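Report on the structure given below.
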Amino acid sequence: MLFNPVFRLSLAWLAPVLALLASSFSSPLLANDSGGVPELRMAETVAPVVPADQPMMVVRMRGTGRCGSLCPEWIMAQGLITPNTPERFRLLLRQMGHEKLPVVLDSPGGDLDAALDIGRMIRAKGLTTIIGRSEAQGCAPRDAACHKGRPVGLVYKGFVSTPGVCANACLLVLAAGTQRIGYWITESAFPAPDSYKTSKAGSDAATLIGDYLADMGISPGLMPRVRRSSLPLDRAEMLHFGLSTGRQRVEDFTGSSICAGARPAANCVALAPAKPPARMSATAPARKPTMPRTNRVIIWGGIEDM
């Protein structure tokens, strides 16, 4: 069918109107806190993705869902590794005591010396390292109103999604895990040692990285490959060099199902029992001793014996 050119021009206004309506319906409608007219915004239950240039947050997370009072917990390590990051790890690990929570990494890398210090702390505790993105529900770690004055070790609620980001110095932290879950990463790159600087006197970056990887049990074939340039890593190479110890998925360590059954995972933590209300004593309170009754009565101001 042939259309009249004039008729085509008359319908030109319709396209932008339809596009505007489509974009409006594609956003979720959420009621505001006062119960008024819904407003267009992103769902507020999930925190925004951490910017890559923000210092690493190191906080304790607890899974949600059908786990009830026994839920998986993990350490969220998200953001840029800075010289201050090891102290954050040290405080949280000290607060954890003998607990063994996996470390979920989402980081573009950062400071070399800090990454090596963090890795040695993780290996000393015998923890698992995982590449994934921790998503907070409700109170988010980077929300100033939530985080300010919050005691170290207090738990944030959320879940872990994939894929996370772990590149450059983050891979050195990943290498410290007794189990290393990085097979399902989309892509990453191991840095060339010469691209790093160290503040440790009498040491060079290549020697520090080589000794560290040897201590962590990473394949000795990795260093010759990255001596001069960074190495893009796919899933097969993550397994080949030992940066991933298997094909396990993130949910195998952080999903609510790992806390079900007769043998829950080691990182399944029970909620502290609620303090029972004060009990009323079943014993009747003792009566005060009463004065012995006398046979005397007062009659018109006088006292007579009965």
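These figures come from a predicted structure and were not determined experimentally.
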Sequence neighbours excluded, every pair satisfying disulfide bond (SG atoms under 2.5 Å apart) that has a member inside residues 179-235 = none
Using a 3.5 Å cut-off and no angle test, enumerate the donor-acceptor pairs between side-chain atoms of residues 166-173 and protein atoms at least two apart in sequence or in another chain.
from	atom 1	to	atom 2	distance (Å)
N168	ND2	P108	O	3.2

inquiry  = Listing request: all disulfide bond (SG atoms under 2.5 Å apart) pairs with a residue in residues 226-270, at least two apart in sequence or in separate chains.
reply    = C259-C268
remark   = Between A205 and P193 the two heavy atoms that sit nearest each other are CB-O, 3.4 Å
query = By the rule that ILVMFWY residues connect when side-chain heavy atoms come within less than 4.5 angstrom, directly or transitively, which residues belong alongside L239?
reply = Y183, W184
task = If a pair satisfies salt bridge (charged side-chain N to carboxylate O under 4.0 Å, His left out) and one of its residues is in residues 64-74, list it, with sequence neighbours excluded.
result = R60-E73, R62-E73
inquiry  = Enumerate the salt bridge (charged side-chain N to carboxylate O under 4.0 Å, His left out) contacts for residues 238-264, please, sequence neighbours excluded, ordered by first and then second residue.
reply    = none
task = Using side chain to side chain contact (heavy atoms under 4.5 Å, CB included) as the criterion, list what pairs up with T82, not counting sequence neighbours.
result = P55, N84, T85
query = Any chance NZ of K125 has more than 12 other-residue heavy atoms, nucleotides or ligands included, within less than 6.0 Å?
reply = yes
inquiry  = Less than 4.5 Å apart, side chain to side chain, heavy atoms only: is that true for W74 and I130?
reply    = no
Expected list for residues 213-222: side-chain donor-acceptor pairs under 3.5 angstrom, two or more places apart:
from	atom 1	to	atom 2	distance (Å)
D215	OD2	R120	NH1	3.3
D215	OD2	R120	NH2	3.4
S219	OG	G221	N	3.2

message = For R90, give me all partners under salt bridge (charged side-chain N to carboxylate O under 4.0 Å, His left out), at least two apart in sequence or on another chain.
response = E87
key: T207 side-chain N/O to S203 backbone N/O, donor-acceptor pair under 3.5 Å   = no
Residue pair Y196, L208: steps toward the side-chain contact (heavy atoms from CB on, under 4.5 Å) verdict = CA-CA 10 Å; Y196 280 102; L208 287 175; over 6 Å; no
inquiry  = M96 vs I75, test: side-chain contact (heavy atoms from CB on, under 4.5 Å). Steps then yes/no.
reply    = CA-CA 10 Å; M96 282 169 45; I75 297 172; 3.5 Å; yes
Closest heavy-atom pair and its distance - I181, Q248 = CG2-O, 3.3 Å
message = When you measure from the side chain of R123 to the backbone of A176, do you find a donor-acceptor pair of N or O atoms at a distance under 3.5 Å?
response = yes
query = Does D117 have any salt bridge (charged side-chain N to carboxylate O under 4.0 Å, His left out) partners at least two apart in sequence or in another chain, and if so, which?
reply = K200
Pairwise distance CD1(I81) to CG(D113) - rounded to 0.5 angstrom = 11.5 Å
request  = Give the minimum heavy-atom separation between G255 and P72, together with the two atoms involved.
outcome  = O-CG, 3.6 Å
task = Verify, without hydrogens or angle tests, whether S230 (side chain) and A192 (backbone) share a donor-acceptor contact under 3.5 angstrom.
result = no
message = What verdict does the side-chain contact (heavy atoms from CB on, under 4.5 Å) test give for L93 and L127, after you've listed the backbone C-alpha separation in whole Å, the side-chain angles of each residue and the deciding distance to 0.1 Å?
response = CA-CA 10 Å; L93 293 178; L127 306 181; 3.9 Å; yes
key: Flag, side chain of N267 to backbone of F253, donor-acceptor distance under 3.5 Å   = yes
ask   = V165: what forms a side chain to side chain contact (heavy atoms under 4.5 Å, CB included) with it, not counting sequence neighbours?
value = D106, R133
task = State, without any angle test, whether Q78 and S134 hold a side-chain donor-acceptor pair at a distance under 3.5 Å.
result = no
key: Interatomic distance, E237 atom CD to L231 atom CG [nearest 0.5 angstrom]   = 5.0 Å
message = Within the structure provided, determine whether M121 and V103 are in side-chain contact (heavy-atom separation under 4.5 Å).
response = no
query = Checking side-chain contact (heavy atoms from CB on, under 4.5 Å) for the pair V58/L91: CA distance, chi angles, key distance, verdict?
reply = CA-CA 10 Å; V58 183; L91 288 173; over 6 Å; no
query = Taking only residues at least two apart or on different chains, which pairs with a member in residues 64-104 satisfy disulfide bond (SG atoms under 2.5 Å apart)?
reply = C67-C71
